[in-house]
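Some notes on the structure that comes next.
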Amino acid sequence: MLIAAERGFSFADPVAVVIVLAGLALLAAVVALTRESDHSFTSAIVYLVLGAVVAMVLKLLGVQLLDPFEDEAVLEHLAEFAVIVALFTAGLKIDRSLTWRQWRTPTLLLAVVMPVTIAAVALFASAAMGLSLGAAILLGAILAPTDPVLASDVQVGPPGEDDGPEPHFALTAEAGLNDGLAFPFVFLGLFVAAEGGTDWLGTWVLADLVYAIGVGVLLGVAGGRLLAIVTLELRARDHIAPRFDGWLAIAAVLVVYGTTEIVGAYGFLAAFAAGLAFRRWERDHESHARIHDGAQTVEHVSELTLVLVLGSTVTLAGLTQPGLAGWLLVPVLLLVIRPLACVLTFAPTRLPAREAAFMGWFGVRGIGSFYYVAVAIGSGVLTADEQTVIYWTVFACVGSSIVVHGLTSTRFTSRLVQEAAR
């Protein structure tokens, strides 16, 4: 057991080393986030590498911050908090009206590209990686969510700013919704892995598809609207100081998310819907910008902290667990499945090919996948070998995505904006 103080002379205490590393990591986060726009890479890359360095240092001291298989509940809740703050913030950013015409592009990404991606990954995992059908579906669903934060150059700007090029809006809206919409497919994989057959199909459709999605969206909209009314009224009566406006977002999303989860619906969907609804109540109110800025700070710090923690779990042995087929999934997913699905989906539409290709490339995998992988591990329906292969395959895909998408986001975005302006 680690202790923070010992009698007599004592040097290189592991707890003190961890505290020093935490301070240095926080300093790195502040610098990386401040100067992120000056570089051609995102701060998440810095943190992923920093996490690997931390892992090596702690290994020399005989310390491990997190075991993804023994501490899956900790991983689940760390990822859960980071995801819900990111989803609420994504909802706050979007000003576009809620019509089919305005939301056609993200709807196609969610209704066509995401299921195709899940099916293609599941097929690859079953045929090439040797996973059981349930585990293969799980891997596809786990890798389905895209991330609204880790490639910040490809999302829309703060409230009140233009939503930017169509791909920016579509990628932000897609990432805001697919973290929640991946849930039914995760449960589908769990049902297949645990029970087989089809006796559970009715329960899955009614409970995990219709009820959980519908109630999640309704509670998110109602909760976001109600909280906007309450908080803006408190603000008008000077019961909340302007400097605390940023914390309103955290309080709001925790209330909405927790309430939705209590009734068995999808809190991730509710978090994004609450952000949309909150934004649309007195949308020109001056507090919206402060609320967004405060939430975005928490969002970035929590996501980078999780990337650091995940990076600290890296071991050479772990990186060999996916095998050749698991590592082959990385280029297959990032270079073939996602881009091809996007290009073919939007080919019949009027969307320019370069914008479809942009969205195909920036299907950034993110921390939502680690929430789902923790849920899968904690379910107890997978074998130990399947848990190991799935976790490290997800790590390989997300880690690779952070690097390659982080290195290309600034350059590709600048090119897209220039071409759109012509």
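In this chain, residues are counted from 1 in sequence order.
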Which one of Y372, Y211, W204 satisfies the ring-ring contact (aromatic ring centres under 6.0 Å, His included) criterion with F183?
Y372

CG-CZ distance between L75 and F370, expressed to the nearest 0.5 angstrom:
7.5 Å

Let me see the working for V253 and T89 under side-chain contact (heavy atoms from CB on, under 4.5 Å), right down to the final yes or no.
CA-CA 9 Å; V253 73; T89 306; over 6 Å; no

With side-chain contact (heavy atoms from CB on, under 4.5 Å) as the criterion, how do F362 and T408 come out once you've worked through the C-alpha distance, each side chain's angles and the decisive distance to 0.1 Å?
CA-CA 9 Å; F362 284 110; T408 57; 3.7 Å; yes

State whether the side chain of D147 and the backbone N or O of I367 hold a donor-acceptor pair below 3.5 Å, judged by distance alone.
yes

Min side-chain heavy-atom separation L276-V221 under 4.5 Å
no

Could you tell me whether the side chain of R365 and the main chain of S401 form a donor-acceptor pair under 3.5 Å?
no

Is it the case that the side chain of E386 and the backbone of T383 share a donor-acceptor pair, with hydrogens and angles ignored and the cut-off at 3.5 Å?
yes

Are R225 and F278 in a cation-pi contact, defined as NZ or CZ under 6.0 Å from the six-membered ring centre and within 45° of the axis?
no

OG1 on T388 to CD1 on I377, rounded to 0.5 Å:
8.0 Å

Is the distance between the ring centroids of F187 and F191 under 6.0 Å?
no

Shortest non-hydrogen pair, L190 vs A376, comes out as CD2-CA, 4.5 Å

Where the side chain of S126 meets the backbone of A122, is there a donor-acceptor pair that is under 3.5 Å apart?
no

Is the closest side-chain donor-acceptor distance between E166 and T105 under 3.5 Å?
yes

Please report the C-alpha distance between Y371 and F268 in whole Å, then the side-chain angles of each, then the deciding distance to 0.1 Å, and finally whether the ring-ring contact (aromatic ring centres under 6.0 Å, His included) criterion is met.
CA-CA 11 Å; Y371 170 81; F268 285 175; 5.0 Å; yes

Please report the shortest heavy-atom distance between L171 and F358, naming the atom on each side.
CD1-CE2, 3.8 Å

Check whether any side-chain N or O of R104 sits under 3.5 Å from a backbone N or O of T99 as a donor-acceptor pair, and report yes or no.
no

So do the side chains of L254 and I84 get within less than 4.5 Å of each other, counting heavy atoms only?
yes

Taking the side chain as every heavy atom from C-beta outward, state whether V373 and E72 have any atom pair closer than 4.5 Å.
no

In terms of heavy-atom contacts, G180 and L269 come closest through CA-CG, 3.9 Å

At their closest point, which heavy atom of W200 faces which heavy atom of L188, and how far apart are they?
CH2-CD1, 3.4 Å

Side-chain donor-acceptor pair under 3.5 Å between T107 and W100, yes or no?
no

Does the D71 side chain pair with the main chain of V74, one donor and one acceptor, at a distance under 3.5 Å?
no

Main chain of V112, side chain of T345: is a donor-acceptor contact present, judged purely on distance under 3.5 Å?
no

Is any side-chain heavy atom of E195 less than 4.5 Å from a side-chain heavy atom of D199?
no

State whether a side-chain donor-acceptor pair under 3.5 Å links N178 with T146.
yes

I'd like to know if the side chain of W103 and the backbone of A173 have a donor-acceptor N/O pair within less than 3.5 Å.
no

Under 3.5 Å, is there a donor on one side chain and an acceptor on the other for Y391 and Q321?
no

Side-chain heavy atoms of R338 within contact of W361, under 4.5 Å:
no

How far does CE of M114 sit from CG of L181, to the nearest 0.5 angstrom?
5.0 Å

Could you check whether any side-chain heavy atom of L177 comes within less than 4.5 Å of a side-chain heavy atom of P106, counting everything from C-beta outward?
no

Measure the shortest side-chain to side-chain distance between T313 and D67 over non-hydrogen atoms and say whether it is less than 4.5 angstrom.
no

Is there a side-chain contact (heavy atoms from CB on, under 4.5 Å) between V113 and M359 once you walk through the steps?
CA-CA 11 Å; V113 175; M359 292 188 297; over 6 Å; no

Under a 4.5 Å cut-off applied to non-hydrogen side-chain atoms, are L139 and M129 in contact?
yes

For the residue pair G216 and A265, what are the closest heavy atoms and their distance?
N-CB, 3.6 Å

Does the Y266 side chain pair with the main chain of D208, one donor and one acceptor, at a distance under 3.5 Å?
yes

When rounded to the nearest 0.5 Å, the distance separating SG of C397 from CH2 of W327 is 8.5 Å

Test your reading of the model: is there a side-chain donor-acceptor pair from T315 to the backbone of G318, 3.5 Å cut-off?
yes

Using the side-chain contact (heavy atoms from CB on, under 4.5 Å) rule, take V256 and L219 through it: C-alpha gap first, then chi angles, then the decisive distance, then the call.
CA-CA 7 Å; V256 172; L219 287 181; 5.7 Å; no

Hey, what do you get for CZ (F185) to CG (L138), rounding to the nearest 0.5 Å?
12.5 Å

Would you give the length of the straight line joining atom SG of C342 to atom CD of E355, rounded to the nearest 0.5 angstrom?
12.0 Å

Between V381 and A194 the two heavy atoms that sit nearest each other are CG1-CB, 3.6 Å

